[in-house]
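Below, chains carry the letters A, B, ... as their sequence lines are ordered, and counting in each starts from 1. Everything quoted here is computed from the prediction, not taken from an experiment.
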Protein chains: 2
Amino acid sequence: MSIGIKFTLNEHLFLRDPQDSKLGKKIIKESIVLIDEIGFEAFTFKKLAKQMQSTEASVYRYFENKHVLLIYLVSWYWEWMSYLIDFNTMNIEDHERGLKIVIRTIVDASRENPAIDYVNETILHRIVISEGSKAYHTKHVDEENKHGIFKTYKDLIQKVANIILKVQPNFKYPRSLASNLFEMANNHIFFAQHLPRLTDIEVQEDNYTEVSEMMEYFTFRLLAN
Amino acid sequence: MSIGIKFTLNEHLFLRDPQDSKLGKKIIKESIVLIDEIGFEAFTFKKLAKQMQSTEASVYRYFENKHVLLIYLVSWYWEWMSYLIDFNTMNIEDHERGLKIVIRTIVDASRENPAIDYVNETILHRIVISEGSKAYHTKHVDEENKHGIFKTYKDLIQKVANIILKVQPNFKYPRSLASNLFEMANNHIFFAQHLPRLTDIEVQEDNYTEVSEMMEYFTFRLLAN
DNA sequence: TCTACAATGATAGTTATACTATCTTTTTTT
DNA sequence: AAAAAAAGATAGTATAACTATCATTGTAGA
C-alpha cells in the first residue's frame, strides 16, 4: 500500500540506506515502537535486535549507533512534515490562511493519514515530542552540522519562515518564530501531558486543539500591523 | 567569601545533601566543570571521581546516578534564577519595567556576580542551555514529578506568570508565555552558537543583547492592548 | 541454472559503564 | 579517648556499546 514516497536523507545518517531493504525498513519500524515504549536512554541495539528477531551486528550494519538512528528518525519526521506542509498549503492563495494551516499541520501531524507502511507517524510524533531535542543537544553538534546532518530541519524552518514573511514582510524574526513554533508545539504538548503547571493549555488523548489555538494567537499577535 | 545562601532542594534529589560537606560541594563544583567539558553523555561518575581525586563509591553516596545529579544542578540553577529575579525586581513599581528586568535576568544570568563559591554560575548556565531539557525528557518524568522534583521550576514559572499578569491581567496564557521565555532564551542562544540558521539573532562571546531584545519584542507584542 | 557476491545470521570477544559490596582508614562528635 | 560517621580503597557483577570472524541464505547476472 505504499504510495511510493522515499525521502532523501543525508548519507551521513546511515551506513547502509534502511529504505532500500526489508531489514532496513524493519529496523526503522521496530526502533520507533521500542524507543516509544522504553525511552531513548534504555533503548539499545541488542534489545532492538531481539524484538525484531535479528542480531545486534545486523543493526550495526545500518546505523553507527543509537544516537545517529535517533537523528535519522527525527530527520525523517521533518522531511515528512515538510511534505505535509507543501501538500496542505498547495493552491492556498490567502497567506494568513496558509500560515494557519502550517500551524495546524505542525501540531496535528500525527492525525494525518499514514503515508508509509513501515513508519507509524503517530508513534514517531510522540518520539519527536519527548526525545527530539536530544538529536542536536550533544557535544558533537558542530561536527554533525558540518556534515549537513541538520539540513532537513533548517530547510523546514526556512520554508515556514518564508510563509511568515509573506504574511508580514517587515517581520524581523521570521526564522526565530518558525523554530519557536516547532519547539513550542512539542513542548506544550509534553507539558500538558507531564508537567501541566508549565502551560495553560490542556490536551486530552490526541486532541491538541488548544495547542494550535494558542500558537495561532501568539503568531498573529506578533505579525499584526 | 560565601554570602551564606543555601538553597533548599527537594530531598529526592540526593542521598546525602552535597551542600553540607566539603566533598559534597566539591562534587557540585567539579561535575559542573566536567559536564561542560565533555558533555552529559560522556560524563561518568568514574571520570568525575578521578578529576576530583576521590572515588566512584564516594560520589554514589551523594547521588543515585548522573541523571539525578543533572536534575540537581538544573534545579540549583532555577533556585538561583528565582533568587535573582526577586533581587533584581525588588522595589520596582512599574510592572512593565519589572518584566523587562525579568527577561534580562533570564537571558543574562551568567553575567551576574557569582553568589556561591563552589558553583560557577557562568559554566552552569552553559550546561542549562545545552543539557537542561534532558532533566525532564525521560521516561520517568511522571514518577519524578510526583516526588516534587520539578517544583522549583514550576514555582519559578508561576512567579514569572504572576509578573506577566500584572502587566496584562487579561492575558490568557501567562504560564505558557513564562515557560516559553525560559525555553526560548536557552534555545536561541544555543541556535545562534551552533545552528545559526534556526534563528535571526546573533551572539558573540557572552553578549546576549539580541536575545533579550527579541524576547522583549515578542513579549510586549503579546501583552499589548 | 549455475555462479558470484552481497546481505544476513550466529557467535564470540573487548572495553567501558553503571552500579553494589565490603573492609579499612580518617575525620568528626560527644 | 571512645564511638560513630564519612571517606577511601578495592573488588566484583551485569550490561552497554561496540568489533571481528565465519557460516548461511538470498539474489542478480552470465
Notebook entry, point to check: Counting just side-chain N and O atoms, does A/Ser58 come under 4.0 Å of either OP1 or OP2 of C/dG9?
Noted result: yes
Checklist line | Which nucleotide in C/dT8, D/dA20, C/dG9 has an atom nearest any side-chain atom of A/Ala57 | finding: D/dA20
Notebook entry, point to check: Using a cut-off of 4.0 Å on non-hydrogen atoms, how would the nucleic acid contact of B/Lys66 be classed: base, sugar-phosphate, or nothing?
Noted result: sugar-phosphate
Notebook entry, point to check: Looking at the side chain of B/Ser54, which of D/dA16, D/dG8, C/dA18 is the nearest nucleotide?
Noted result: D/dG8
Next item on the list: Identify whether any heavy atom of A/Arg61 sits under 4.0 Å from a base atom; if not, whether one sits that close to sugar-phosphate; answer base, sugar-phosphate or nothing.
Entry: base
Notebook entry, point to check: Over how many whole Å does the gap from A/Phe63 atom CZ to D/dC18 atom P extend?
Noted result: 14 Å
Note to self: Between A/Asp117 and A/Lys29, does any NZ, NE, NH1 or NH2 come within less than 4.0 Å of an OD or OE carboxylate oxygen?
What the structure shows: no
Next item on the list: Evaluate ring pair (Phe, Tyr, Trp, His ring centres under 6.0 Å) for B/Trp76 paired with B/Phe7, printing each intermediate quantity in order.
Entry: CA-CA 7 Å; B/Trp76 197 98; B/Phe7 293 135; 5.0 Å; yes
Check: Any idea which of C/dT8, D/dA17, C/dA10 is nearest the A/Leu23 side chain?
Finding: C/dT8
Margin query: Assess, by modelled atom type and distance only, whether the side chains of B/Ser75 and B/Thr152 contain a donor and an acceptor separated by less than 3.5 Å.
Written below: no
Next item on the list: Nearest whole angstrom, please: distance from the P of D/dA6 to the NZ of B/Lys25.
Entry: 15 Å
Next item on the list: Would you mind telling me which residue lines up with the more 5' stretch of DNA chain D, B/Glu56 or B/Arg16, judged by nearest nucleotide?
Entry: B/Arg16
Note to self: With a 6.0 Å cut-off on the ring centroids, do A/His137 and B/Phe190 count as close?
What the structure shows: yes
Item checked: d(CD, A/Glu64; P, D/dC18) in whole Å -> 8 Å
Note to self: Testing the 3.5 Å rule here: is there a donor-acceptor pair between the side chains of A/Tyr173 and B/Thr199?
What the structure shows: no
Next item on the list: Check the distance between C/dA12's P and A/Lys46's NZ and give it to me in whole angstrom.
Entry: 12 Å
Margin query: Within the 4.0 Å heavy-atom criterion, would you say A/Tyr62 contacts the bases, only the backbone, or no part of the nucleic acid?
Written below: sugar-phosphate
Margin query: Nearest to the B/Tyr60 side chain among D/dG8, C/dA10, C/dT20, which nucleotide is it?
Written below: C/dT20
Next item on the list: Assess whether atom CD of A/Glu64 is packed by more than 12 heavy atoms of other residues, nucleotides or ligands within 6.0 Å.
Entry: no
Check: Does atom NZ of A/Lys25 have more than 12 heavy-atom neighbours, drawn from other residues, nucleotides or ligands, at distances under 6.0 Å?
Finding: yes
Checklist line | Nearest-nucleotide pick for B/Thr44, side chain only, options being D/dG8, C/dC19, C/dA18 | finding: C/dA18
Margin query: Five pairs per end, C1' atoms only: what is the angle between the end axes of the helix from C/dT1-D/dA30 to C/dT30-D/dA1, to 10 degrees?
Written below: 20°
Notebook entry, point to check: For the pair made of CG in A/Leu15 and P in D/dC18, what is the distance, rounded to whole Å?
Noted result: 11 Å
Next item on the list: May I have the distance from B/Lys50 (atom NZ) to D/dA7 (atom P), rounded to whole angstrom?
Entry: 22 Å
Margin query: Show me the pairs that pass salt bridge (charged side-chain N to carboxylate O under 4.0 Å, His left out) and involve residues 37-48 of chain A, at least two apart or across chains.
Written below: A/Glu41-A/Lys134
Next item on the list: Could you tell me whether A/Lys47 contacts a base, only the sugar-phosphate backbone, or nothing, with contacts defined as non-hydrogen atoms closer than 4.0 Å?
Entry: sugar-phosphate
Item checked: Below 4.0 Å: OP1/OP2 of D/dA7 and any side-chain N or O of B/Ser21 -> yes
Check: Can you tell me how far C1' of C/dA16 sits from CG of A/Asn65, to the nearest Å?
Finding: 15 Å
Checklist line | Rounded interatomic separation in angstrom, taking CD from A/Glu41 and C1' from C/dA18 | finding: 14 Å
Next item on the list: Give B/Phe45 one of three labels, base, sugar-phosphate or nothing, depending on what nucleic acid heavy atoms sit under 4.0 Å from its own.
Entry: nothing
